[in-house]
Amino acid sequence: MNRKFIDLGCINLIAVVLLIGVLISGSAVAQQGSTEEYKNELKKVEEVLQAGDIMGALSQLDVVISKYPNASEVHYARALLLAQGGELQQAEASALRAHELEEDNLLYSNYLLELYKRQQKFDDAIGLINELMEIFPDNQQVYREGVLLLQNKGDTTNALELISQTEDRFGRTDTLDVMRSELLIEQGEKEEAAELLSYWVDKETNIRQVYSNLAFIYADGKQIKKAISLLEKGLNTIKDENLYLDFADIYQVAKQKKRSYDYLLLAFQSDQVPFMEKHRIMFSLLSHTEEFNINQLQELASALVIRHPNIADSHLFKGDILWRKGEVNEARSLFLTAVSISPQNIDAWRMLINADLASSDPDRAIQHARQGLAKNPNHPQLLYFSGVAYFMKDDLKQARELLEGALNYSDKESPFVQSNIYASLGDLYHKLELTEASDVAYQEAIDLDSLNVSALNNLAYYLSLRKEKLDTAEKYSKKTLELEPDNTTFLDTYAWVLFQQGRFEEAKAWIEKAVNKSNPSSVVLEHYGDILLELGKQKDAQKQWRRALKLANDDADVEKLKDKISNNN
């Protein structure tokens, strides 16, 4: 029930282009010394932005600022671009400069406030709010924003005090009482909160939170019927379909999943419920799939596509669900739609290229990676997937260039992404027989993400083949089985590490777990035979090698197996 801040930072590239266009034609131009020259400078920025070159646009804005250091709107535009690129501290500096130059411009101060909040700088945000309350003493929204900041900081006492000050200045309102009720609930004073809210229910307020907050107080007190009745009254009174979400939550509390889902679907089908709220819920559901089954999730995602067809994430959600169902071609179609809507959406490109790779179509993956890189130059994730695609084609030179390029540009990526890049470089260097480089790359991957099972398994296996650092190999291989105990490849690796340590009985027990899984590979069966031979079970070893021979498709492997069979009769 904790109130959320409105995110003022979700401004895309198109919005910044439009902003520059407004600056060119608006009053901002008139404020500069040379109107025509300033206008031409801004046009250059607009042209670079329209080409999708954010870094170039930032450089051009720096040129404009050097000539017109007091152009507040240019500092604001620079802040927007920097924030879009994740440079929040630099964006903050530019937004602060815009605010200092034009203190009474709420657009600039709101954006500076948003940047403080995104960086969890609540003291700075509260300081700015105090400043704005002096500049705009009759703006009630500024006071309410101060309450929200104090609440999110956990300063309940001062938040309640500011509500009282706001009420003294502007009078009692339903909005203030909703905020006060939430603070009271946090303090455990639910009866007082319920009394406040009931007052406004009787007055048939049109504020949804009055009904939803009071309903949750009832539900928390096990008064489910009373909560539902209140929400029904609210829906009839204010006709706000956002209340469907509250119905869904209350029925979830009551463990009535079918009713909860029905109301959630109504919310997703509603034009009144904002997309960002649906997005938040859908993201959460996909992270915790036990809430509803996969078909229900697909129905919710389909509602998003119908109601919000021009938003890329609608198609990504549905594509992700189809991907999980194994419907790769259908998923790819949705990912294609997503990248056509939002070419700067890296997740869309990533999922599209993944679908290509899963379909064993590296040429199409390369084509899509190139298209993505044209819109997002040198993006490490796109370089990475392009490198993986070339690796699949066995074009090791091109794969190396792209994967190393991905690493060079990955300094701002998460450890998870960096770890995957290093793991793929480990695979590549191994293929190139650069053993030392391969080991280092795998170890870097593991150091960045101790749960990277691919890096853990591959380093363990290759160490075991070379009979090097077998204690480390055992440790890493055992870790993979803790994470994925039924993975046939990981079972085989662990058995082989034990084999190289001379622990043949243990190795046999683990390799048999791998063999008993469906469709063991030629390598697994060969290893089984080798282990059986060391245990003196020559005939059984022969049997497993012959099974492996039937599955082998590499000439070298075939010859090796034939030699084992003939030399151990």
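- For the pair W545 and D530, the minimum side-chain heavy-atom distance is below 4.5 Å.
- Neither side chain, Y390 nor E401, offers a donor N or O lying under 3.5 Å from an acceptor on the other.
- A donor-acceptor pair is defined here as one N or O able to donate and one able to accept, closer than 3.5 Å; such a pair exists between the side chain of Q542 and the backbone of I565.
- Under a 4.0 Å N-O distance rule, the pair K537/D540 does not qualify as a salt bridge.
- Between I306 and Q269 there is no side-chain heavy-atom pair separated by less than 4.5 Å.
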Intermediate values then yes/no, side-chain hydrogen bond (donor to acceptor under 3.5 Å, both in side chains), D492 and Y528:
CA-CA 9 Å; D492 172 63; Y528 189 23; over 6 Å; no
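- The residues K325 and E330 are annotated as not salt-bridged, no charged nitrogen and carboxylate oxygen being separated by less than 4.0 angstrom.
- Nearest heavy atom pair, residue V453 against residue L483, reads CG1-CD1, 3.4 Å.
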Given Q367 and R364, is the side-chain hydrogen bond (donor to acceptor under 3.5 Å, both in side chains) satisfied, shown in steps?
CA-CA 5 Å; Q367 176 189 352; R364 186 178 290 185; 5.6 Å; no
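- Using a cutoff of 4.0 Å between basic side-chain nitrogens and carboxylate oxygens, K508 and E512 are scored as salt-bridged.
- A salt bridge is defined here as a Lys NZ or Arg NE, NH1 or NH2 lying under 4.0 Å from an Asp or Glu carboxylate O, and K475 with D471 fails to meet this definition.
- Counting heavy atoms from C-beta on, the side chains of L396 and D394 come closer than 4.5 Å.
- For F504 and F499, the gap between ring centers is short of 6.0 Å.
- A 4.5 Å side-chain heavy-atom check between F335 and H368 finds every atom pair outside the cut-off.
- Between L470 and S464, the shortest heavy-atom contact is CD2-CA, 3.8 Å.
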